[in-house]
Structure formats: structure tokens, C-alpha cells
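One-based numbering, in listed order, for ligands and for the atoms of each.
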Amino acid sequence: MPRWTPCPGAVHLAPSILAADFGRLADAVHALQGSGADRVHVDVMDGSFVPNFTFGTDTVRSLRKETELPLELHLMIIDPDRHLETFARAGADGITVHDEACPHLHRTLTAIRALDCRAGAAINPSTPAAHLDDVLEVCDLALVMTINPGFGGQRLIARTLGKVERVRAEVERQGLDTEVEVDGGGDEANARACVEAGATVLVAGTAVFGHPGGAAAGGRAVLAAAGDPPPR
Ligand code: DX5
Ligand code: ZN
């Protein structure tokens with residue numbers, strides 16, 4: 001199966017089910033109908049790379065049956081190479097790994113693509129943007145963490161937006177179509193700033209699933225606040 005291709009030239013919303021009710025995950029993904037989301041962001045945590053646990057391959061397999069939206073996995077785990085094939089078989093459309101967890105990041109990204117998944121590379125707030133420069137050409141998505149990973153509901157760290165600008169500039173300098181994604185603390189109030197910094201994919205957990213009007217209203221509100229990508 002060829003890799004999933006997101007519509008180019010638009011701002012994309014990736015709701016994070018970390019902020020959903022874990023007892024009702026199927027309902028949560030169904031509730032994204034009409035939200036404007038073009039993918040579901042699935043945060044996988046192992047209690048080692050980050051101090052929290054979340055989903056494994058069985059959850060991914062179950063989610064796969066509940067939605068036609070692509071599943072974008074964000075692996076916050078040590079030694080992700082051991083599990084790439086299992087997650088791909090479980091139904092992942094994209095797999096993002098952390099630079100900090102991958103000594104051979106270029107190899108890992110290439111392996112993800114070989115599994116017909118979109119390959120993503122993530123950096124923590126304390127990791128310089130330059131860590132991505134030499135892997136962007138094998139990367140479908142560059143994820144800049146705008147919080148320290150592990151928990152939803154945190155406030156976006158403003159300084160990280162400077163790194164989004166730096167990653168965006170490098171993507172363009174190399175003439176690539178790598179997506180630039182921001183993850184953590186994204187909401188209606190900062191969505192436009194993220195897009196102006198160069199993000200084209202906005203992860204939002206609390207702002208979507210915690211919206212008083214429901215997930216569909218939350219997603220639409222974030223996308224409306226984000227607006228269109230600025231001309232470059
Ligand atoms: C945190 C996760 C994020 C998180 C975002 O480690 O990677 O995807 O779910 O949630 P909010 O939008 O609530 O910050
Ligand atoms: Zn995430």
C-alpha cells in the first residue's frame with residue numbers, strides 16, 4: 001500500500017486522543033467527524049522515555065477499525081526500532097520517533113518508510129533544531145515539541161516557536177515538502193502564531209477533546225484560528 005499523502009498547501013489538524021476519555025476511545029474518534037481533522041494523533045508512551053504510560057499496539061489495532069482517518073503515531077519510547085513493524089502491522093499510517101531516542105535516526109526513518117508509513121522525526125524543547133537538518137530528506141514530518149512530552153494540558157513554551165521557524169527555513173532551503181508539526185499546548189489562542197512560524201500540522205488534545213462544544217467544535221475552532229499558511 002502506498003504511503004498516505006496529505007493534501008498539500010493547507011494547515012492540518014491532528015487531534016491527540018491523549019486528551020480523550022480512555023474508556024471511550026472509539027467514541028472519541030467518531031466524535032472527530034466534522035472537526036476538520038485529517039488524521040488522528042496517537043501518543044504512545046512507555047514510562048521510560050517519558051514518565052507516563054498510554055497506548056500499545058492492541059489499542060492501535062482497535063482504533064484502526066473505528067476510523068478511516070489516518071493514524072499518526074507519536075512514539076515516546078526508548079528503542080523504537082524494536083517495535084516499528086508491529087505498529088505498522090497494527091494499522092499505523094505514520095510513525096514519528098524522537099531524535100533523543102534514536103542513535104541512528106536516519107536509519108530508523110528509512111525503516112519506517114520501508115514499512116509504507118510516513119516517517120516523522122521529533123525533537124524535545126531542549127534539543128536544537130539543527131538535529132533535524134541531516135534527516136529532513138528522509139522525513140515526511142518534522143515534529144517540534146512545544147512542551148516537554150509526557151502529559152497533555154500543558155502550556156506551550158513560546159521559545160520553541162523560534163525552532164519551528166528554523167526547521168521551516170531548512171525544509172525550504174533543501175527544497176523538500178516535509179510537513180512541520182507542532183505538538184503541545186496548541187489552542188485557538190496560539191494556532192496563528194504556530195502557522196506564522198511555519199507549522200503546517202497542529203496537534204491539539206485538550207483544545208479539541210476538552211472543548212465545551214465537543215470535539216468537532218473544538219477542531220473547527222482551532223483550524224479557524226490558524227487560518228491559511230502564509231505565502232512563502
Ligand atoms: C504530549 C503529547 C501531545 C499531547 C498534546 O507528550 O505528545 O500530543 O497530547 O496535548 P495538549 O494539546 O493537551 O497539550
Ligand atoms: Zn504527541
I'd like to know whether Leu63 forms a side-chain contact (heavy atoms from CB on, under 4.5 Å) with Val40, so could you lay out the CA-CA distance, the side-chain angles of the two residues, the decisive distance to 0.1 Å, and finally the verdict. CA-CA 10 Å; Leu63 287 170; Val40 181; 5.7 Å; no
Counting both backbone and side chain atoms, is some N or O of [X] under 3.5 Å from an N or O of ligand 1?
X: Ala204; result: no
X: Gln154; result: no
X: Gly152; result: no
X: Met76; result: no
X: Thr206; result: yes

[Y] backbone acceptor or donor facing [X] side chain under 3.5 Å:
X: Glu179; Y: Val201; result: no
X: Gln154; Y: Asn148; result: yes
X: Thr146; Y: Asp183; result: yes

Which residue owns the protein heavy atom closest to [atom], what's the atom, and how far is it?
atom: atom 6 (O) of ligand 1; answer: Gly150 N, 2.8 Å
atom: atom 14 (O) of ligand 1; answer: Gly185 N, 2.8 Å
atom: atom 9 (O) of ligand 1; answer: Ser16 OG, 2.8 Å
atom: atom 12 (O) of ligand 1; answer: Gly205 N, 2.8 Å

Could you check Arg155 against Asp187 for salt bridge (charged side-chain N to carboxylate O under 4.0 Å, His left out), going step by step and ending with a plain yes or no? CA-CA 10 Å; Arg155 282 174 66 94; Asp187 59 21; over 6 Å; no
side-chain contact (heavy atoms from CB on, under 4.5 Å) between Met145 and His74, intermediate numbers included: CA-CA 11 Å; Met145 287 302 306; His74 176 192; 3.4 Å; yes
Can you sort out which atoms of ligand 1 are near [X], meaning under 4.0 Å from one of its heavy atoms?
X: His41; value: 8 (O)
X: Val203; value: 8 (O)
X: Leu18; value: 4 (C), 9 (O)
X: Met45; value: 6 (O)
X: His74; value: 7 (O)
X: Gly184; value: 14 (O)

hydrophobic_cluster_shared for Leu176 and Val11, side chain cutoff 4.5 Å: yes
Taking it one step at a time, do Arg173 and Glu170 satisfy salt bridge (charged side-chain N to carboxylate O under 4.0 Å, His left out)? CA-CA 5 Å; Arg173 196 185 70 75; Glu170 187 61 22; 2.9 Å; yes
Whether over 12 other heavy atoms sit under 6.0 Å from Gln174 CD: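 More than 12 within 6.0 Å, yes.
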May I ask you to check whether over 12 heavy atoms, not counting those of Arg232, lie within 6.0 Å of atom CZ? yes
Would you mind telling me if ligand 1 is within reach of the side chain of Pro149, the backbone, both or neither, using heavy atoms under 4.0 Å?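 The part of Pro149 near ligand 1 is both the backbone and the side chain.
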Which part of Asp183 is near ligand 1, with near meaning a heavy atom under 4.0 Å away: side chain, backbone, both or neither?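 The part of Asp183 near ligand 1 is the side chain, not the backbone.
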Please assess Leu71 against Arg64 for the test side-chain contact (heavy atoms from CB on, under 4.5 Å), listing each intermediate value before the final yes or no. CA-CA 7 Å; Leu71 299 179; Arg64 181 66 292 155; 3.5 Å; yes
How many angstroms lie between OG1 in Thr54 and CZ in Phe151, if you round to the nearest 0.5 Å? 10.5 Å
Begin from the C-alpha positions of Arg3 and Asp140 and carry the test salt bridge (charged side-chain N to carboxylate O under 4.0 Å, His left out) through to its verdict. CA-CA 10 Å; Arg3 288 200 299 274; Asp140 300 294; 3.7 Å; yes
ring-ring contact (aromatic ring centres under 6.0 Å, His included) filter on Phe53, not counting sequence neighbours, yields none
Heteroatoms of the protein, restricted to N/O/S, which lie under 2.8 Å from the Zn ion (ligand 2):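 You should have found His41 NE2, Asp43 OD1, His74 ND1, Asp183 OD2.
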With a 4.0 Å cut-off on heavy atoms, does Ala207 reach ligand 1? no
Using heavy-atom distances only, which candidate in Gly153, Ala19, Gly186 approaches atom 11 (P) of ligand 1 most closely? Gly153
For Val29 and Leu69, run side-chain contact (heavy atoms from CB on, under 4.5 Å): C-alpha distance rounded to whole Å, both residues' side-chain angles, the deciding distance at 0.1 Å, then the answer. CA-CA 9 Å; Val29 291; Leu69 289 172; over 6 Å; no
